[in-house]
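Below: the structure, in structure tokens.
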Amino acid sequence: MKTNLRSILTGILLVLFLAGTIFFIKRNKPVPALPPKSVPGALGLPAALKVRGPAAAPVKIVEYSDFECPSCRVVQADIQNLFRNYPGKVQLTFKHYPLTSHKWSIYAHQAAECMNAQGKFWLYQDTLYEKQSEWAPSNVPPIEILARYARELGADMDRFGKCMADVAVARDIYAEKEEGNKRQVSATPTFFLGEERFVGPKEMQERGENAVRKVLGLPPKPVPEKKQEPGTPFFPAGIPKQQGA
Amino acid sequence: MSEKNYKILFLGRMFLGLVFAYSGFTKLMEPVENFQGGMTAYEIIPYVLIPFLARVIPWIEFLFGSFLILGYLPRVSALVLAVMSLSFVLLIPATRIVTGALPANCGCFGEGSLIHLKPLQVLTMDLFNTFIGMRLAFLKTHPFSLATLLETKP
């Protein structure tokens, strides 16, 4: 009886200690402030930075994202809200971070970088997220689908095709990912606002806007109780959304 | 049981515990969406279960992995981890049969982890883990464990 009680108490203490360790480490994860370096762009041309918003904007956000990641798609609405609510005050720089667990991600990133070379990165990015459920569950590399999106946006398909076959582009994408790794990015989406880091849609929704307001010298907004269930997995074409969570 | 076998099983306990504790830890350090993304790559897992599984599995892996290392409830922990290993063993061929393809990365460890295994590598490891977990679950005493310590009368 005494042994059982001792055993139960030990178990409770162990669970508390282990769970506490996880929460503590997660909370105090270091945020190194390494400056982002520029990487050479596709086809030997200097990189066209994937930047949205004016250069003089006081709020400068860097985003590391993966086009195949459901939470990166979910967080786009929050980013749009920032641009809408603080016009002219926010600048966003996109950085490639294709996750190895997403098998078609690198193709999508390469296509987006090829569209970047033609000045259509943001339009293409929006299409990739909007149609994630079309290309991501493909059983074969979705090159034709990605090319169709590019065609629909009026890309020079000759240039696009050559760029898609250029290994230097993929190398540049991985260089950006490596740059993220050096900043201890390990999950997508990760945002940096100065030295502050926000990982995942939940953190961006709960703390992101108030961090922006702090930079702008505005009072904080009350945090919404529950805005959106983050990271609902994407649904392959043909599966109605009601079946999902 | 011979002393040699006993030592081998002790090492097996450490290995199994470390693999699962590390796997759970790396997933818990990242947003749950990453693991959800990894699970959706196995197209046979019902979508409705993925958000729940993605939140629960890393905790089970981390807690029972740590328990096994420390030797707290070693038989139960070994059984739980053996069952989990077995379910991964079944998941990989089932995905291959149903969808005709396998994800490039097994998704067993977090993206920021030092270990990235291909599904066939993880299949081999999980077969070994299932075997060692079952063997440990049937072992009555575990050396250098909290369980032995707790059973000792003061």
So, do L18(A) and F25(B) sit near enough that their side-chain heavy atoms are less than 4.5 Å apart?
no
Here the gap from L146(B) atom CG to S7(A) atom OG, rounded to the nearest 0.5 Å, amounts to 9.0 Å
Determine whether more than 12 heavy atoms belonging to other residues, nucleotides or ligands lie under 6.0 Å from atom [atom1] of [X].
{"X": "K60(A)", "atom1": "NZ", "result": "yes"}
{"X": "F10(B)", "atom1": "CZ", "result": "yes"}
{"X": "M125(B)", "atom1": "CE", "result": "yes"}
{"X": "R213(A)", "atom1": "CZ", "result": "yes"}

Of the backbone (N, CA, C, O) and the side chain (C-beta and beyond), which part of F23(A) lies under 4.5 Å from a heavy atom of chain B, both, or neither?
side chain
Tell me the closest heavy-atom pair linking I25(A) and M29(B), and the distance in Å.
CG2-SD, 3.6 Å
Side chain to side chain contact (heavy atoms under 4.5 Å, CB included) assessment of L14(A) paired with L63(B)
CA-CA 9 Å; L14(A) 264 178; L63(B) 289 177; over 6 Å; no
Measure F52(B) against the heavy atoms of chain A and call it side chain, backbone, both or neither at under 4.5 Å.
neither
For G11(A), does its backbone N or O pair with a side-chain atom of Y72(B) as donor and acceptor, under 3.5 Å?
yes
